[in-house]
Protein chains: 2
Amino acid sequence: MFTKTCGRYDVNIVDEDHSARTGRLRRGVPQQMTKPQLGRGAGRPSRRERVREATLAEIKGIARDLLVEHGAAGVSLRAIAREMGMTAPGLYRYVSGIDSLLVLITADMFQELGDAVAAADASVPPEDTDLRILTSLRAFRTWATEHRAEFATMFGPRARLAPETDITPAVEAGRRFGATFYTLFDRLLSEERFVLPDGERITPELARELRAFADTCGFSAPHIPVEAIMVLSTCWVRLYGVVCMEVFEHLNFVMRDMEPLFESELQNMLTGLGVHYRPPEGSTPAAMSTPG
Amino acid sequence: MFTKTCGRYDVNIVDEDHSARTGRLRRGVPQQMTKPQLGRGAGRPSRRERVREATLAEIKGIARDLLVEHGAAGVSLRAIAREMGMTAPGLYRYVSGIDSLLVLITADMFQELGDAVAAADASVPPEDTDLRILTSLRAFRTWATEHRAEFATMFGPRARLAPETDITPAVEAGRRFGATFYTLFDRLLSEERFVLPDGERITPELARELRAFADTCGFSAPHIPVEAIMVLSTCWVRLYGVVCMEVFEHLNFVMRDMEPLFESELQNMLTGLGVHYRPPEGSTPAAMSTPG
DNA sequence: AGCGTTTGCTAACGGTGTTCACTAAAACGT
DNA sequence: ACGTTTTAGTGAACACCGTTAGCAAACGCT
């Protein structure tokens, strides 16, 4: 296309696909060769693998730090390398590029978010389904507001990633995270807390999509009716909506504190699900003073 | 202040704050000096101002093209300049940096989205409130799905912008866009289509936030009760949720077509508002065959 | 000890935002 | 018509980015 002469001296005829037309193309797994043949099956993972794992963890850790401190734009291989006392090209022995690194830490963050929600869920009596749901959903929001940058890369548009990037690790992690809620919803379902919506209002297309949704998410215990899946989807959409709106700060020029709106949405939503709403413990004590 | 010696040869001892610690700092309005003193008040805007306006428009136009074609990461001053046949520093005569350019085109896109919705609204009989609302909301989704990159920069996290960037132009445009819906909602309200929710469930905090919301948005005809504002917020959150979920592709590994879910949400939402839902014209003809 | 794998570095290419010093031209004042 | 001021745009430079190729040292196993 462009007959460019990149060499500083003269010719470099065989430059055609020098990996840079847009500057970032043709990224696969470049090095990180065959496979460590000292894995020894189930034996403990051979010193080399261990230190390798450790540096990979360090890379992801620093990437994470940069993300929270300087935002998504601040995560760069060179900055990470600098922080680690090595050079950027060295990182390519561990990661196949910045995009795949972002996918990796996204997966980690999904794991972490899932753990946070699960921990919150486990912190209340297991038989109190209502409280478990309340606590879990609030934990989701809390984690999101306390980890805005992370949430944005997890749930926002994948703006920074090249379109052809393989995002399956993140997707997998997201799926596992979703399961945290499916279990609770399933419990709610088996307790028959709410009446399912009119199934005749569900068009065949919607039913097909909902089935696909349930199947792919491992939420397809065969007894689950499409109506239930629709309720779940609706709830998820609403939760996603409030939290995104808060974290992306699309109302914060007009609404200082988004918690009341969140709580209100929660109340609306849960009431429809036959779950008894309770205001949160510490905050908004004024809510208590409102006479019924 | 900076006695720096940017010379190519030797010293530059006093370089400490050479504007680049992270590489992009200390951005204000660098040039575009005093003001064109040929404005002549109300007279038509002086050739110079006209061509200036034209090139600014060209800049924004090309920025927009790049956004659509190569995603947010593809919008760069150098690429724009290349496309225009000039050099990047020249653009600083028109824009104070890449960030502010992004804000500018965001504002333009809000305007455009608003126009699209307004046009759809105007395409149906003005007295048919139900249809107007249906059409407007569907127009919102349609525009979003047909302009994913734009929608992402408008409604997603402001990941690419430096935190200190002045985003008021975009915010203003967003406000004006919101007004498109307020009018419709106001009409719905005055027709008393739905019963307002129980006001006693609105905590004082929430009421205060809702009031602030209405005030800042110019949606504060004094008669409007907080309950109504809450309903509006809830609806907006739900709409935002579905559309974001679709455009950001967070379910598309599991759900091919998100339209059924959107329509279902629409139906849910509007039913609660006392608006009669009608399935869309062309698509999903199977929905017609479902007996009520 | 020898040998292959793994690791990390240097150099280099091409891309980005941004500033500064400068020229050419347009517009203005007289 | 001429000189002055204001503006548009350029080129060089700096600091940053992702990525590749080639090389040398370290490591681990036999």
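By convention in this document, chain letters (A, B, ...) are assigned in the order of the sequence lines, proteins followed by strands, and residues within each chain are numbered from 1.
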Could you state the atom-to-atom distance from CE of B:Met86 to P of D:dA8 in whole Å?
-> 10 Å

Taking CG from A:Leu66 and C1' from D:dC17, how many angstroms apart are they, rounded to a whole number?
->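 Rounded to whole Å, this separation is 13 Å.
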
Between [Y] and [X], does any NZ, NE, NH1 or NH2 come within less than 4.0 Å of an OD or OE carboxylate oxygen?
| X | Y | result |
| --- | --- | --- |
| B:Arg175 | B:Glu172 | yes |
| B:Asp108 | B:Lys60 | yes |
| A:Glu69 | A:Arg64 | no |

Choose from [options] the nucleotide whose nearest atom is closest to any side-chain atom of [X].
| X | options | value |
| --- | --- | --- |
| B:Arg78 | C:dT16, D:dA12, D:dG18 | C:dT16 |
| B:Tyr94 | D:dA8, D:dC16, D:dT19 | D:dA8 |
| B:Ala79 | D:dC17, C:dT6, C:dT16 | C:dT16 |
| A:Thr87 | D:dG9, C:dT10, D:dT19 | C:dT10 |
| B:Pro89 | D:dG11, D:dG9, C:dT16 | D:dG11 |

Side-chain N or O of [X] less than 4.0 angstrom from OP1 or OP2 on [N]?
| X | N | value |
| --- | --- | --- |
| B:Arg52 | C:dA27 | no |
| A:Arg47 | D:dG28 | yes |
| A:Tyr92 | D:dG18 | no |
| A:Arg93 | C:dT5 | no |

Parallel, tilted or perpendicular: which describes the rings of B:Phe177 and B:Phe110, with under 30° parallel and over 60° perpendicular?
->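 Taking B:Phe110 first and then B:Phe177, their aromatic rings sit tilted (interplane angle of 30° to 60°).
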
For A:Glu146, what residues pass the side-chain hydrogen bond (donor to acceptor under 3.5 Å, both in side chains) criterion, not counting sequence neighbours?
-> none

Test of ring centre spacing under 6.0 Å for A:Tyr240 and A:Phe140 |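 A:Tyr240 vs A:Phe140: aromatic centres not under 6.0 Å.
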
Give one of base, sugar-phosphate or nothing for B:Ser76, where a contact means two heavy atoms less than 4.0 Å apart.
->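 B:Ser76: backbone/sugar contact only, no base atoms under 4.0 Å.
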
Pairs under 3.5 angstrom, nitrogen or oxygen only, protein versus nucleotides 1-3 of chain D, please.
none

